[in-house]
Amino acid sequence: MVDKMILALFMPALLVLLFSRVTYNQFLGLILTVALIAASAYKGYTHTWNIIIIDAFSLTVGLWLSNRMMKRLKVKLN
């Protein structure tokens, strides 16, 4: 259970960052990550509300980090 909580804390944020970097759009990265988490929840890998809440928190942090990353990329490109 603890390993799922640790993964739920870090993986969604990292996935948002990865997808945002690949697509150059932080909202598309968020949508792709939410779709991936929804598919895993549909398959039954998300069992408790605690993990869902941790996933949501991690998604929020990932969106914030990707927003900062995209702003820095735009400054470097200009």
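No experiment lies behind these values; they were computed from the predicted model shown. Residue numbers count from 1 along this sequence.
At a threshold of 4.5 Å between side-chain heavy atoms, the hydrophobic network of Ile, Leu, Val, Met, Phe, Trp and Tyr places Leu63 and Val61 in two separate groups. If you chain together hydrophobic residues whose side chains sit under 4.5 Å apart, Phe10 and Met5 fall into the same group. One hydrophobic cluster, built from ILVMFWY side chains closer than 4.5 Å, cannot hold both Phe19 and Leu14; they sit in different ones. Grouping the Ile, Leu, Val, Met, Phe, Trp and Tyr side chains by contacts below 4.5 angstrom, directly or via other members, places Phe57 with Val2.
If you take CH2 on Trp64 and CG on Leu17, they are separated by 10.5 Å, rounding to the nearest 0.5 Å. With rounding to the nearest 0.5 angstrom, the NZ atom of Lys4 is 12.5 Å from the CD1 atom of Ile54. The OG atom of Ser58 lies 13.5 Å from the CD1 atom of Ile53; values are rounded to the nearest 0.5 Å. Taken from CG in Leu73 to OH in Tyr24, the straight-line distance is 7.0 Å, to the nearest 0.5 Å. Taking CG of Asn50 as the start and CG of Asp55 as the end, the distance is 11.0 Å to the nearest 0.5 Å. The NZ atom of Lys74 lies 9.5 Å from the CG atom of Leu77; values are rounded to the nearest 0.5 Å.
Residues Ile52 make up the rest of the hydrophobic cluster containing Trp49, defined by ILVMFWY side-chain heavy atoms closer than 4.5 Å, directly or through other members.
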Contacts table for residues 25-41: side-chain donor-acceptor under 3.5 angstrom, sequence neighbours left out:
residue	atom	partner	partner atom	Å
Asn25	OD1	Phe27	N	3.1
Gln26	NE2	Asn67	OD1	3.4
Thr33	OG1	Val16	N	3.4
Thr33	OG1	Gly29	O	2.8
Ser40	OG	Ile37	O	2.8

